[in-house]
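To keep things clear, I will list the structure first and then write my remarks on it.
Both backbone and side-chain heavy atoms feed into the values below; hydrogens, waters and symmetry mates do not.
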Amino acid sequence: MKTFMKKQKKKRFYKKSIWPSIVLFVIFTGSCVGMVLTFMVSFQGYLVDSKISDIHVDAVSLGRLIDLHMKDKTIFEAASFVEVYLEDDKDICITDEQHRILQHFGKTVPDFEREEHISVFAPFRVMTPYHLMPDLDLQRTDRDSILTLSFQEILKRSLDAFFNSSYEDDRWMEKPLFHEYYWAEIPVSKQGYRLYYRDSLTILQKNVFFMNMAVLAELVLLGVPAVLLFLNVCSSIAMQKRMVNLLYQDPVTGGNNWSYFLEQSKKILCHFRNTKYTYAIVSLHMIRYQDYCACNGSREGEALLKKIDGFLQISMDSGETFARFAKADFGLLLRSSSKEQCEKRMKKMLVELTGIKKDKMMSFSAGIYLLHPAANRKEKKRRQINIDQLYHFACAARGTMRGKDGEYIKVFDQQILQEQLWKHKVEETMEAALLNGEFKLYLQPKYHPVTEKIVGAEALVRWISPEDGLIPPNRFIPVFEENGFITRLDDYMILAVAKLQSEWKLMGLKQVPVSVNISRVNFVKEDLAEHICHLVDSYGAGHEGIELELTESAFFGNKERLMQILKELKMCGFCIAMDDFGAGYSSLNSLKDLPIDVLKLDMDFFRGEDEKQRGEIVVKETIRLAKALHMKIVAEGIEKKEQVEFLAEQGCDMIQGYYFAKPMPVEEFNERVKRDC
């Protein structure tokens, strides 16, 4: 459910993208630029059109004046008469219908050899304007070309004049910005002739000044919201960057966090180009990181994690990634050519990491899960890869190295996979197994070493599955201890022993003390003594017939809290036993301070090459010490007659082991009790 909620939050975050703001900014800015350019082009077109129209109007007026004088004069005389009154820079030219020049008046001689140069503009019947170049060759151009050329030229000149002119001169606005000459046809009534009129197109600074002012005002009015929108886009980008940092940044190292690793790894692995490579998902773990923090402080611990993060950042190649998973655990995605090459690279990396702090020697371990190249087209996309699960497979491979000195790298294999599948199966079926009564009570008798009669028993659990048959405890107890289900199994066993004690009482059988294991995790319960009393009392069994066994590791937690619980259990009438004494690093203080009634010697005391010498000395002195403290002694794991005889000589109270009997069903145990009686 939590994973689903995280994905939903991430989707909502990506929906709040800045792209709409960017698109709006681009559209608005483009619209502003378009409006400004449209205004400038329209104004310039209007300005040029008005100037050309003036030339056309003058040409029409000249035509009327020439027609008036042709009543008593020839067309040449009329044109000559009219030309006298024109300014010096204006010319008139007379041609025939084939555009052959018959006579011209002025300094400029046009070239009308090619008839295709001639066209007519409605409604003035004026020749298409001809741009007179410096070489005095008449070049054909059309109105659009004039406008384009005029706009580019006039804009350049107007800007230069606007920014560079000296405004102290009162006549600066009368200075020309653009000055070109054009020929226009003069409409006359005389057939067989064509008259052309040359005039100048002049644009002054004052013609463009007001356009520039309007453009500047428009830029200011449109620029303010454009700037505000731009600032909003920049703010959105910065905000999204901060959000991405919050979403993908590890709060301790400042590098990438686990969400980034999961997303980036899947992106890399699912890319079609990467399907031909072998990838390794690595679980990198710093050993005894908690001890380092305890000795140097949490700040030094975080500083160390930052150094590790920096080292990994440098070590990553293109197409690889990493992130911190939790505490001192890092996840890596590495590309390699083979299993051997990956292991070699990891060994080198671990060696370099051990010396990351010069004044301290540290150790690391790594579990590896290999992803081989896709074997077929269906696998090439790798769409169904669960990176989180594969990382935990790598963690499982690393977990198999616990307690094995000299081994720091482990590759996930089929055997580990089978163990993981078995663990998953156990967790899926344990609830139903408890409800269906698949956990059975077995008893292993405890014998007196001299009389060789049953004086007690230990309650052991066996899982008899309809599918898998008899499942030994070492196949499911570690799983239950890891996931916490062991507390419910402990309650189940206490109830089973209490029920058995009540049945023995009703059957009139000899009632012997039965020991029941209490897992360490139970001691976090505030009302443990009251809870156990309630379970036993539900069947009306006596408390003195039930012995509660605690493993030696339980005595190294919160000692004060443990002593309080044991005192409460003792007050309720239960016997307390320390199981597996000597299996770990035994503390004599636990024997001195805690109210222990029974001490169970671990079977390892009676094994090994020195069992006849050093082992016997330790056992002998332990029994003597326990006797002095008024404790009973149980030796477990006894398999030989010589061991029984030695323990009998030392005054051992009870013996438990295969020499006398293996764990057995309750019915078989009852038969043995009947025979002893």
Side-chain angles (χ1 to χ4, degrees), residues 430-448 451-466 469-473 476-477 480 485-519 522 528-550 569-570 572-577 579 597-598 600 632 634 636 653-657 660-677:
M430 60 188 184
E431 291 282 354
L434 188 64
L435 293 174
N436 298 333
E438 296 178 16
F439 296 105
K440 303 297 182 181
L441 174 63
Y442 272 53
L443 297 174
Q444 186 173 25
K446 298 175 183 177
Y447 285 84
H448 193 277
T451 63
E452 296 189 353
K453 289 189 176 183
I454 297 176
V455 291
E458 180 180 3
L460 302 171
V461 64
R462 295 294 183 268
W463 186 357
I464 302 178
S465 168
L470 179 63
I471 304 173
F476 61 88
I477 293 295
F480 291 172
F485 190 75
I486 192 67
T487 59
R488 297 184 59 187
L489 185 61
D490 286 350
D491 291 350
Y492 180 85
M493 293 298 292
I494 292 173
L495 285 170
V497 171
K499 180 181 179 182
L500 180 61
Q501 291 280 10
S502 300
E503 290 175 351
W504 283 347
K505 186 176 181 180
L506 292 174
M507 294 168 60
L509 291 177
K510 175 184 176 181
Q511 287 184 283
V512 296
V514 179
S515 59
V516 183
N517 287 284
I518 304 296
S519 300
N522 280 289
L528 180 61
E530 182 181 349
H531 177 70
I532 293 176
C533 288
H534 176 73
L535 294 175
V536 175
D537 294 343
S538 63
Y539 283 100
H543 296 182
E544 67 281 354
I546 296 179
E547 184 180 290
L548 303 176
E549 287 189 7
L550 286 75
L569 291 171
K570 289 277 289 183
C572 294
F574 295 104
C575 290
I576 307 298
D579 192 14
D597 301 301
V598 180
K600 295 188 70 173
K632 291 183 179 181
V634 179
E636 60 180 346
D653 299 295
M654 289 172 278
I655 292 177
Q656 178 183 341
F660 287 108
K662 296 180 179 181
M664 59 190 67
V666 173
E667 295 77 11
E668 186 178 340
F669 180 83
N670 290 341
E671 293 297 325
R672 289 207 178 201
V673 172
K674 290 178 182 179
R675 288 199 300 268
D676 282 350
C677 296

| said: I need the Tyr442 OH to Ile464 CD1 distance, nearest 0.5 Å. | reply: 4.0 Å
| said: Quick one: does any side-chain atom of Asp597 pair with a main-chain N or O of Cys575 as donor and acceptor, under 3.5 Å? | reply: no
| query | So do the side chains of Arg462 and Pro473 get within less than 4.5 Å of each other, counting heavy atoms only? | reply | yes
| task | Report yes if some heavy atom in the side chain of Ile477 is under 4.5 Å from a heavy atom in the side chain of Leu489; otherwise report no. | result | yes
| task | Of all the heavy-atom pairs spanning Ala661 and Arg672, show the shortest one and how long it is. | result | CB-NH1, 3.2 Å
| query | Between atom CD1 of Ile546 and atom CD1 of Ile494, what is the distance when rounded to the nearest 0.5 Å? | reply | 7.5 Å
| query | Would you call Glu547 and Lys632 a salt bridge, using N to O less than 4.0 angstrom? | reply | no
| query | Considering all heavy atoms of both residues, which atom of Gln501 and which atom of Gln511 are nearest to each other, and what is their separation? | reply | O-NE2, 3.0 Å
| Which heavy atom of Ala459 sits nearest a heavy atom of Val497, and at what distance? | CB-CG2, 3.6 Å
| field | Option from Leu548, Ile532, Thr487 for which side chain to side chain contact (heavy atoms under 4.5 Å, CB included) with Asn522 holds | value | Thr487
| request: Report yes if the side chains of Trp504 and Val673 come closer than 4.5 Å at any heavy-atom pair, otherwise no. | output: no
| message | So, taking the atom named NZ in Lys600 and the one named CD in Glu458, what distance separates them when rounded to the nearest 0.5 Å? | response | 3.5 Å
| query | Should Leu460 and Met493 count as side-chain neighbours, where that means a heavy-atom distance under 4.5 Å? | reply | no
| Taking C-beta and beyond as the side chain, do Phe669 and Val514 meet within less than 4.5 Å on heavy atoms? | no
| task | Can you measure from CG (Leu500) to CG (Asn670) and round to the nearest 0.5 angstrom? | result | 6.5 Å
| message | Minimum heavy-atom separation for Phe476 and Ile471, please, with both atom names. | response | CE2-O, 3.3 Å
| Hey, does Phe574 have a side-chain heavy atom less than 4.5 Å from the side chain of Val536? | yes
| Is Asp653 salt-bridged to Lys446, going by a charged N under 4.0 Å from an acidic O? | no
| query | Any sub-3.5 Å donor-acceptor pair from Ser519's side-chain atoms to Ile486's backbone N or O? | reply | no
| request: Report, as yes or no, whether the 6.0 Å neighbourhood of atom NZ on Lys570 holds more than 12 heavy atoms from other residues, nucleotides or ligands. | output: yes
| Hey, what do you get for NZ (Lys440) to CH2 (Trp463), rounding to the nearest 0.5 Å? | 13.0 Å
| field | Met664 CE to Gln444 CD distance, which is reported to the nearest 0.5 Å | value | 7.5 Å
| remark: Heavy-atom closest pair (Leu441 atom, Val666 atom, distance to 0.1 Å) is O-CG2, 3.5 Å
| message | I need the minimum non-hydrogen distance between Ile454 and Lys510, along with the two atoms involved. | response | O-NZ, 3.0 Å
| For Glu503, does the CD atom have more than 12 heavy-atom neighbours from other residues, nucleotides or ligands under 6.0 Å away? | yes
| request: Hey, can you tell me if Phe439 and Phe480 have their rings parallel, tilted or perpendicular (30° and 60° cut-offs)? | output: perpendicular
